[in-house]
Amino acid sequence: MEKMYQPKKIERKWQEIWDKEKAFAASEDYSKPKYYALVEFPYPSGQGLHVGHPRPYTALDIVARKRRMQGYNVLYPMGWDAFGLPTENYAIKNKIHPKIVTERNVARFKEQLHSLGYSFDWDREINTTDPEYYHWTQWIFLKLFKAGLAYKKEMPINWCTSCKVGLANEEVVNGVCERCGSEVVRKVKSQWMLKITEYAEKLLEGLEEVDYIEKVKVSQKNWIGRSEGAEVSFKLKDKDETLTVYTTRPDTLFGATYMVVSPEHPLIDKYKAEITNWEDIAAYREMAARKSDFERTELAKDKTGVVLGGITAVNPVNGREIPVWISDYVLMSYGTGAIMAVPAHDERDWDFAKKFNLPIIEVVAGGENVQEAAFTDVATGKLVNSEFLNGLEVKEAKKKIIEFLEEKGIGHKKVNYKLRDWVFSRQRYWGEPIPIVKCEKCGYVPIDESELPLMLPEVESYMPTDDGESPIAAMTDWVNTVCPCCGGKAARETDTMPQWAGSSWYFLRYTDPKNKEALASKEALKYWLPVDWYNGGMEHTTLHLLYSRFWHRFLYDEGVVPTKEPYKKRTSHGMILGENGEKMSKSRGNVVNPDDIVNEYGADTLRTYEMFIGAFELSAAWSNEGVRGCRRFLERVWKLQDLITDDDEYSKEMETKMHQTIKKVSGDFENLKFNTAIAAMMSLINDFYKVGKVTKGEFKTLLILLNPVAPHMTEELWEIMNYGKRLYEASWPEYDEAKTVEATVEIAVQINGKTKLTIFIDKDMEKEDVIAKAKEALGDKLTGNIVKEIYVPGRIVNIVAK
RNA sequence: GCCGGCGUGGCGGAAUGGCAGACGCAUCAGACUCAAAAUCUGACGAGGGAAACCUCGUAUGGGUUCAAGUCCCAUCGCCGGCACCA
């Protein structure tokens with residue numbers, strides 16, 4: 001045998017050779033079939049690579065390497081999502097410019113990724129903080145602005161008390177900042193917003209044409225939260241005014257016994273003079289305003305509210321006069337900020353009605369006494385107490401009432417979404433400057449495209465300010481400018497973009513990363529899009545994934561990109577937990593550093609282990625014993641060198657197994673079943689040891705199959721074996737379906753579904769012969785009258801006897 | 001509360017409705033060794049039996065089927081997401 005297995009030496013050697021030979025560069029020959037594999041580019045944090053990173057990277061590296069060997073022109077790129085708060089915070093604390101911190105972190109990450117032997121096309125590396133890159137992030141923003149999809153709005157935003165920055169709804173988790181865990185309060189600020197809501201329907205429709213794992217689709221659908229209903233206008237008594245509500249159940253209109261408006265509803269201020277209990281109302285509003293969103297939902301169960309004295313609404317279908325209340329269980333941000341309450345059939349309305357002694361009228365039959373509990377199981381049922389709707393099924397009643405409302409001009413069909421617009425401003429330094437100036441005369445004016453990239457100014461201090469202004473605001477030289485429109489005095493926008501900006505389109509840039517004229521050439525986009533397979537974390541389902549689909553769809557509508565959807569297929573990996581089954585963290589002391597594993601066992605072992613650890617989509621606990629097992633497996637492959645015979649063909653006894661293994665591994669690599677693919681290869685080498693030899697032809701196939709998982713070792717063995725050229729240039733092996741079945745198979749023989757024994761049969765044996773042979777083998781075990789005889793070819797014989 | 005997913009040996013986990021536990025880890029026994037490590041060979045769901053074998057077994061209770069870990073209904077438990085969204 002050629003020396004010991006020394007991963008350290010081998011791995012460095014091949015990494016250098018691959019670099020030198022540009023082994024994995026995507027070709028610009030657009031006549032070849034393409035394959036675009038993508039993993040989420042990392043945020044280069046100061047901690048360096050986490051042991052969780054290699055899981056998705058290795059998975060798609062396997063797919064990329066396999067596809068290359070199958071003749072595809074593969075694009076498997078990598079880059080850096082490098083803007084962001086942690087870098088800025090680190091910079092503040094250590095008085096180092098974030099740019100320097102970023103450079104350092106990127107260098108470290110790159111080295112670590114390199115040590116794992118990924119087949120990334122490093123010529124296409126991108127970095128969101130590079131002006132050449134954010135030029136186009138800003139360019140897209142200008143497009144959005146010009147299309148009316150970016151607007152500035154005074155609004156209560158989620159304000160992180162620690163980061164001192166506004167957050168998108170998606171970034172607030174259980175009332176605390178998703179990133180730092182600090183309290184989030186409401187603060188009114190003028191913010192840049194993106195109208196993602198305008199794309200709600202398109203984002204929903206787009207899901208129909210893509211191949212995403214089910215739970216991602218479901219999460220996105222829930223997040224967009226489409227509901228069908230109607231808007232209905234209630235006239236206010238003695239006033240020339242209507243109060244409009246949104247309801248998904250217009251059919252229950254006869255059961256509406258009161259209305260509720262949100263404390264922020266404009267109607268309240270408008271009729272201040274006529275409200276008889278203004279002091280109570282004002283006090284209630286103030287109390288509601290003080291609560292954070294979190295508190296408001298935490299205290300959910302106990303309903304509070306105050307009636308609007310002097311205001312009475314009229315139910316448009318029966319003329320009944322009903323009171324109007326204010327309560328914070330009605331949200332200004334959804335629907336119209338006002339509801340009609342149908343306490344008989346809605347839990348919340350029922351609670352409220354009980355507490356304030358409001359009437360409850362049953363309008364859908366079938367439940368218990370609605371005075372005792374709300375009857376909410378009313379997706380079907382017959383209407384009662386509803387005049388012209390009486391006796392109708394819910395579905396019919398909905399149709400009829402909407403017709404009625406539309407005819408009378410008091411209501412109409414309406415679709416609503418839970419999705420809110422995207423808060424796009426950050427009062428921070430380390431982000432893309434927003435390319436807008438504010439002119440005293442012309443308002444918000446976009447800067448000219450020729451001015452891009454609008455460079456981030458160098459500042460002395462990056463400290464966030466307590467008043468919520470960006471640190472850039474103090475840079476008067478940079479801020480003061482002239483209006484591109486009228487030439488008058490103007491000030492630059494000092495807020496920056498959120499981290500999600502740069503990551504919303506990065507996959508486009510990879511197709512043509514050095515282009516100075518456009519974000520990428522039309523040809524490159526046309527050839528490479530859509531991304532064939534995109535893998536990333538579940539935590540990005542409603543953030544990054546939705547945002548990038550939004551931008552992409554917008555760019556499609558603008559004619560910039562050729563596909564409606566950016567990603568054809570989306571999968572998600574599970575987390576890697578500590579040995580104790582808990583999430584890895586410094587405080588728990590269960591962190592595994594990938595560098596240590598590479599040093600001790602080698603990159604190939606780490607790669608193999610992370611793929612073998614368990615089902616790819618599920619989280620899995622780290623096990624050092626398991627790592628050793630994978631190293632042992634690679635050692636056993638290495639030592640097969642001792643058993644090699646000169647034969648170029650597959651041996652008779654191994655032929656079937658070879659074909660089976662090629663089939664299994666090829667299929668499993670495409671179906672996220674890396675663990676069973678590796679198990680199949682382990683089983684194959686166990687068989688080689690059993691028969692005591694391996695032919696040159698068999699070994700060659702094994703090396704190719706294993707190459708995507710353990711690229712360094714297999715490449716080294718390929719060279720030792722002198723198979724010619726490089727392994728990465730080899731062709732993926734074919735299998736013959738017919739040869740995946742043994743000539744002689746062992747099948748189970750059952751009586752009434754219970755296995756009694758097994759017999760060997762010829763694979764092509766006829767049913768009658770198999771059954772005859774089975775009966776013979778059973779002998780006197782078989783008693784009673786035979787009712788039925790079942791033969792599943794190559795699997796089982798079942799004889800049903802009574 | 002709603003939505004999604006999952007419950008299989010000591011552990012990680014395999015099983016297009018067709019012999020449950022592949023593959024790996026741990027453990028035990030044996031070989032090699034002065035010895036240990038490494039390596040190799042074998043055993044390894046539970047109960048019974050000297051053995052051939054037999055019985056039971058995939059969270060629980062029912063059902064469909066010649067045949068159920070897999071499909072259906074109900075229950076329990078765990079994980080993830082959303083949540084006063086009218």
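What's counted below: heavy atoms across the whole structure, side chains too, no hydrogens, waters or symmetry copies. A, B, ... follow the sequence lines: proteins, then strands. Residue 1 opens every chain.
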Seminar exercise, completed: Note on RNA chain B: ranges paired as stems (three or more Watson-Crick/G-U pairs in a row, both atom distances under 3.5 Å) are B:1-7 with B:76-82, B:10-12 with B:23-25, B:27-31 with B:39-43, B:45-48 with B:53-56, B:59-63 with B:71-75
For this session: May I ask you to check whether over 12 heavy atoms, not counting those of A:K763, lie within 6.0 Å of atom NZ?
Result: yes
Problem set entry | Candidate nucleotides B:G24, B:C19, B:C66, ranked by approach to the side chain of A:R795 - the nearest | B:C19
Atom pairs and distances, side-chain donor-acceptor, residues 626-633 of chain A, under 3.5 Å, sequence neighbours left out:
unit_1: A:R628; atom_1: NH1; unit_2: A:Y601; atom_2: OH; d: 3.1
unit_1: A:R628; atom_1: NH2; unit_2: A:E625; atom_2: OE1; d: 3.3
unit_1: A:R628; atom_1: NH2; unit_2: A:E625; atom_2: OE2; d: 3.0
unit_1: A:R631; atom_1: NE; unit_2: A:E635; atom_2: OE2; d: 3.0
unit_1: A:R631; atom_1: NH1; unit_2: A:Y601; atom_2: O; d: 3.2
unit_1: A:R631; atom_1: NH2; unit_2: A:E635; atom_2: OE2; d: 2.9

For this session: Looking at every strand, decide which applies to A:K673 at a 4.0 Å heavy-atom threshold: base, sugar-phosphate, or nothing.
Result: sugar-phosphate
Exercise. Is A:T248 touching bases, backbone alone, or none of the nucleic acid, heavy atoms closer than 4.0 Å?
Worked result: sugar-phosphate
For this session: Just do the side-chain hydrogen bond (donor to acceptor under 3.5 Å, both in side chains) check on A:T304 and A:Y284 with the steps written out, would you?
Result: CA-CA 9 Å; A:T304 58; A:Y284 185 81; 2.7 Å; yes
Exercise. Which nucleotide sits closest to the side chain of A:K639: B:A86, B:C82, B:U39?
Worked result: B:U39
Exercise. B:A26 and B:C44: how far apart are their C1' atoms, nearest whole angstrom?
Worked result: 11 Å
Exercise. In terms of heavy-atom contacts, does CG of A:D377 have more than 12 from other residues, nucleotides or ligands at under 6.0 Å?
Worked result: no
Problem set entry | Whole-Å distance separating the CD atom of A:E347 from the C1' atom of B:A83 | 14 Å
For this session: Indicate yes or no: does A:K657 engage A:D687 in a salt bridge with an N to O separation below 4.0 Å.
Result: yes
Problem set entry | Distance, rounded to the nearest Å, where A:D668 contributes CG and B:C23 contributes C1' | 12 Å
Problem set entry | C1'-based separation of B:G57 from B:A46 [nearest Å] | 7 Å
Exercise. Checking all strands, does A:N686 fall into the base, sugar-phosphate, or nothing category for heavy-atom contacts under 4.0 angstrom?
Worked result: sugar-phosphate
Exercise. Contact class for A:E214 vs. all strands (heavy atom < 4.0 Å): base, sugar-phosphate, or nothing?
Worked result: nothing
Exercise. For atom P, what is the distance between B:C11 and B:U16, given to the nearest Å?
Worked result: 23 Å
For this session: Give A:A341 one of three labels, base, sugar-phosphate or nothing, depending on what nucleic acid heavy atoms sit under 4.0 Å from its own.
Result: nothing
Exercise. If the P atom of B:C25 is compared with that of B:G42, how far apart are they to the nearest Å?
Worked result: 14 Å
Problem set entry | Greater than 12 external heavy atoms within 6.0 Å of A:K413's NZ | no
Problem set entry | A:S683 side-chain proximity, nearest of B:G18, B:C23, B:C66 | B:C23
Exercise. Taking for each residue the nucleotide of RNA chain B bearing the nearest heavy atom, is the 5' side occupied by A:N752 or by A:N675?
Worked result: A:N675
For this session: Give one of base, sugar-phosphate or nothing for A:N416, where a contact means two heavy atoms less than 4.0 Å apart.
Result: nothing
For this session: Determine the interatomic distance between C1' on B:G30 and the same-named atom on B:C76; round to the nearest Å.
Result: 46 Å
Exercise. Among the nucleotides B:A86, B:A22, B:C66, which one has an atom lying closest to any side-chain atom of A:K788?
Worked result: B:C66
For this session: Under 4.0 Å between any heavy atoms, over every strand shown, what does A:G629 touch: base, sugar-phosphate, or nothing? Just pick one.
Result: sugar-phosphate
Seminar exercise, completed: Picking from B:C66, B:A86, B:C19, the nucleotide nearest the side-chain atoms of A:Y246 would be B:A86
For this session: Return yes if a side-chain donor-acceptor contact under 3.5 Å exists between A:N416 and A:S227, otherwise no.
Result: no
For this session: Select one nucleotide: of B:G24, B:C84, B:A15, the one nearest the side-chain heavy atoms of A:K303.
Result: B:C84
For this session: Give A:N222 one of three labels, base, sugar-phosphate or nothing, depending on what nucleic acid heavy atoms sit under 4.0 Å from its own.
Result: sugar-phosphate
Problem set entry | B:C78 versus B:A83 - spacing of their P atoms, nearest Å | 22 Å
Exercise. How would you label the contact of A:I613 with the nucleic acid (heavy atoms, under 4.0 Å): base, sugar-phosphate, or nothing?
Worked result: sugar-phosphate
Exercise. So which nucleotide from B:C84, B:G18, B:C23 ends up closest to the side chain of A:I796?
Worked result: B:G18
Exercise. Taking CG from A:L672 and C1' from B:G5, how many angstroms apart are they, rounded to a whole number?
Worked result: 15 Å
For this session: Write down the distance separating the P atoms in B:C71 and B:A22, rounded off to the nearest Å.
Result: 22 Å
Exercise. Touch check for A:V218, heavy atoms < 4.0 angstrom, all strands: base, sugar-phosphate only, or nothing?
Worked result: sugar-phosphate
Exercise. At under 4.0 Å between heavy atoms, what does A:S227 touch on the DNA or RNA strands: base, sugar-phosphate, or nothing?
Worked result: sugar-phosphate
Exercise. For A:R636, which contact category applies under a 4.0 Å heavy-atom criterion: base, sugar-phosphate, or nothing?
Worked result: sugar-phosphate
Exercise. What does A:K418 touch in the nucleic acid at a heavy-atom separation under 4.0 angstrom: a base, only the sugar-phosphate, or nothing?
Worked result: base
Problem set entry | Test of ring centre spacing under 6.0 Å for A:F352 and A:W325 | yes
Exercise. On a whole-Å scale, what distance lies between the P atoms belonging to B:G9 and B:G45?
Worked result: 12 Å
Exercise. A:K664 has an atom NZ; how far is it from atom C1' of B:A15, in whole Å?
Worked result: 9 Å
For this session: Let me know the distance between CD of A:E610 and P of B:G12, rounded to the nearest Å.
Result: 18 Å
For this session: Take A:T676 and A:E746, find for each the nucleotide of RNA chain B with the closest heavy atom, and name the residue whose nucleotide sits nearer the 5' end.
Result: A:T676
Exercise. To the side chain of A:Q750, which of B:C19, B:C23, B:A14 is closest?
Worked result: B:C19
Exercise. Taking 4.0 angstrom as the limit, do A:E617 and A:R570 come out as a salt bridge?
Worked result: no
Seminar exercise, completed: Syn within 90° of 0, anti beyond: B:G45 is anti
For this session: Return the nearest nucleotide to the side chain of A:R632; candidates are B:C25, B:C23, B:A14.
Result: B:C25
For this session: Please report the shortest heavy-atom distance between A:I360 and A:V370, naming the atom on each side.
Result: CG2-O, 3.7 Å
For this session: State whether A:Y329 and A:K303 meet the cation-pi test: NZ (Lys) or CZ (Arg) under 6.0 Å from the six-membered ring centroid, and within 45° of the perpendicular axis.
Result: yes
Seminar exercise, completed: With the side chain defined as heavy atoms from C-beta on, A:K754 is closest, among B:C56, B:G12, B:U55, to B:C56
